[in-house]
Amino acid sequence: MNRQHFLAAASAAATAGLGSLRPTTASAATAEPRFEFHSAFLVNLHHTLYYQASVLQALYTTGLDMLGELPTRVYREMITHIPSAEQGRWYRALRYYQNEYGWRSLIFDDEMYALENDVVAGTPPAPLKRVLDDVSPIYRERLWPIHDARNRTSIQEWQAALSRYGPSLFPALAKLYQRPWLPIPYRVDVVAATDRLGAYNNPGEGNRYWHIVISTYDHQNDDLNGFEIVTHEASHSIVLPDEGPIGGTIASACKTLDRPEPNNLWHATIMYIPGIVLQRLALAAGMRYQLAFVANQVFTKAYPRYYAAFQRHLLPYVDERATLAEALYATVEQVVSVT
């Protein structure tokens, strides 16, 4: 089952009960997702090599813009911890990653996320296992203590935020999305560095969990912003493009208005809604908070028209002053009103 098929099944399960995604131990879909945070050695090694190979490819060519917010200094900081006598083996591993994976997407490439599922399970395919085995002693001694310590600090921060805000945040989001959370675990692999986006999500192996990966070296993921990013990635499990209460309503509004559908408008809604709800909860607790996708300038640089429309039309829905259909129809109408 590829990503699209899994998402379709998740959508059906969230609408009609548990369906084919139901684990044998679960009795009902939940108002709160069950998060499991991990700082896993092999997953971190895999992502470190993938990221460093991407950095080298960018430095060799003109692809620096593909690195996102993670700067090349992270690569240099990591490589300085590896003695010159061990760098030959390390660079051999990076050549393998560059040749095999290059700019292949960790999100949209079915083979890549299947590979990651194997790494999470500790059963990478034989060629990759040989590469990982070769550099595991180097990573374990030179970089893993640093990475694991960073990961565990972030996990403690995000678990504290989960305990503080989760009981109010996640039922509110389920209500706003008009979808229950999946009854399978939401596994969060905390890693030093990942792809250019700093965080992403995918179906887990055998539909047994929803997989989220988030980087600790990306400062956009620091503190409560990182917890919001985790929440956004989890939202992908139940909010889908072109179908369901959000994606389907956006598609329907565009058809009614006879306009092309704005690219990733459905995606931007799950950037906005979790941030607004979390901001309200933080303010109620006496804490000033700026939405992660405002802080990282995604809304100001990539989606300024979306953000303006959300502030005018989607915010009333969050405040229970409009229906979802009213909010999304008005949002679409404002976004597509280009003369």
Side-chain angles (χ1 to χ4, degrees), residues 3 36-58 66-68 70 72 74-75 77-79 81-82 86-87 89-152 154-155 185-206 208-218 221 230 233:
R3 178 182 175 87
E36 299 175 353
F37 291 90
H38 298 265
S39 177
F41 175 84
L42 201 62
V43 178
N44 271 262
L45 174 56
H46 172 62
H47 281 83
T48 296
L49 293 171
Y50 176 90
Y51 176 70
Q52 288 194 5
S54 299
V55 170
L56 289 180
Q57 181 64 26
M66 298 185 69
L67 292 179
L70 270 181
T72 55
V74 172
Y75 166 81
E77 179 182 327
M78 289 182 184
I79 206 68
H81 288 282
I82 300 176
E86 298 174 343
Q87 287 185 5
R89 289 165 62 193
W90 190 261
Y91 280 115
R92 188 161 59 243
L94 295 184
R95 286 198 299 273
Y96 177 87
Y97 268 75
Q98 182 179 344
N99 291 337
E100 292 296 320
Y101 309 130
W103 291 114
R104 291 180 68 176
S105 172
L106 293 170
I107 308 171
F108 301 110
D109 187 319
D110 287 352
E111 291 183 5
M112 288 298 287
Y113 88 70
L115 177 70
E116 182 161 64
N117 287 334
D118 290 338
V119 172
V120 170
T123 56
L128 177 59
K129 184 178 185 302
R130 286 193 291 271
V131 172
L132 296 175
D133 285 348
D134 188 44
V135 294
S136 283
I138 300 173
Y139 184 68
R140 188 178 300 278
E141 181 176 357
R142 307 299 181 182
L143 289 173
W144 176 238
I146 301 169
H147 292 178
D148 188 44
R150 290 180 66 101
N151 295 346
R152 293 185 182 280
S154 293
I155 288 172
Y186 287 72
R187 176 183 172 119
V188 183
D189 269 297
V190 182
V191 299
T194 179
D195 75 341
R196 66 187 181 90
L197 299 176
Y200 65 93
N201 69 91
N202 268 321
E205 187 274 327
R208 294 186 298 106
Y209 58 91
W210 191 263
H211 195 209
I212 297 167
V213 181
I214 183 168
S215 162
T216 60
Y217 270 89
D218 191 330
N221 298 331
V230 169
E233 299 299 339

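Looking at residues two or more places apart in sequence or on another chain, you find no side chain to side chain donor-acceptor pair (under 3.5 Å) involving Ser154. Here Asp189 pairs with His38, Ala40, Val43, Val120, Arg187, His211, Val213 under the side chain to side chain contact (heavy atoms under 4.5 Å, CB included) rule; sequence neighbours left out. Trp90 meets the side chain to side chain donor-acceptor pair (under 3.5 Å) test with Gln52; sequence neighbours excluded. Among residues two or more places apart in sequence or in another chain, the salt bridge (charged side-chain N to carboxylate O under 4.0 Å, His left out) test is passed with Arg95 by none. When the ring-ring contact (aromatic ring centres under 6.0 Å, His included) test is applied to Tyr97, the partners found at least two apart in sequence or on another chain are His46, Tyr101. For Asp148, the salt bridge (charged side-chain N to carboxylate O under 4.0 Å, His left out) partners two or more places apart in sequence, or in a different chain, are Arg152. In this view, Arg150 satisfies the salt bridge (charged side-chain N to carboxylate O under 4.0 Å, His left out) rule with no residue, not counting sequence neighbours. Remark: His47 pairs with no residue by the ring-ring contact (aromatic ring centres under 6.0 Å, His included) rule, at least two apart or across chains. Not counting sequence neighbours, Tyr96 has no partner by the side chain to side chain donor-acceptor pair (under 3.5 Å) test. Among residues two or more places apart in sequence or in another chain, the side chain to side chain contact (heavy atoms under 4.5 Å, CB included) test is passed with Glu141 by none.
Nearest heavy atoms, Ile107 versus Tyr113: O-CD2, 4.3 Å. Considering every non-hydrogen atom in both Val230 and Val188, the closest pair reads CG1-CG2, 4.1 Å. Across Ser215 and Ala192, no two heavy atoms sit closer than the pair OG-O, 2.7 Å. Considering all non-hydrogen atoms of both residues, Leu45 and Ser136 come closest at CD2-OG, 3.5 Å. Taking all atoms of both residues into account, the shortest heavy-atom contact from Gly102 to Ser54 is O-OG, 4.2 Å.
Atom CD1 in Ile82 sits 8.0 Å away from atom OH in Tyr91 (nearest 0.5 Å). Put simply, OH on Tyr50 and CE on Met112 are 5.0 Å apart, with the number rounded to the nearest 0.5 Å. Interatomic distance, Tyr75 OH to Thr48 OG1, rounded to the nearest 0.5 Å: 12.5 Å. Here the straight-line distance linking atom CG of Asp110 with atom CG of Leu115 works out to 12.5 Å at 0.5 Å rounding. The distance from the CD atom of Glu77 to the CG atom of Leu143 is 9.5 Å, given to the nearest 0.5 Å. Note: Met78 CE to Tyr139 OH = 7.0 Å, rounded to the nearest 0.5 Å.
Identified under the salt bridge (charged side-chain N to carboxylate O under 4.0 Å, His left out) test for residues 98-107, with sequence neighbours left out: Arg104-Asp109, Arg104-Glu111.
Remark: side-chain polar atoms of Asn44 are not paired, donor with acceptor, to backbone N or O of Ser39 under 3.5 angstrom.
Results of the side-chain contact (heavy atoms from CB on, under 4.5 Å) test with Tyr51 over Val74, Thr194, Val191 single out Val74 as the only residue that passes.
A donor-acceptor pair shorter than 3.5 Å cannot be found between the side chains of Glu205 and Asn117.
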Under 3.5 Å donor-acceptor pairs involving side-chain atoms of residues 124-135, not counting sequence neighbours:
residue	atom	partner	partner atom	Å
Lys129	NZ	Asp133	OD2	2.7
Asp134	OD2	Arg92	NH2	3.2

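Under the 4.5 Å side-chain criterion, counting only non-hydrogen atoms from C-beta, Trp210 is in contact with Pro203.
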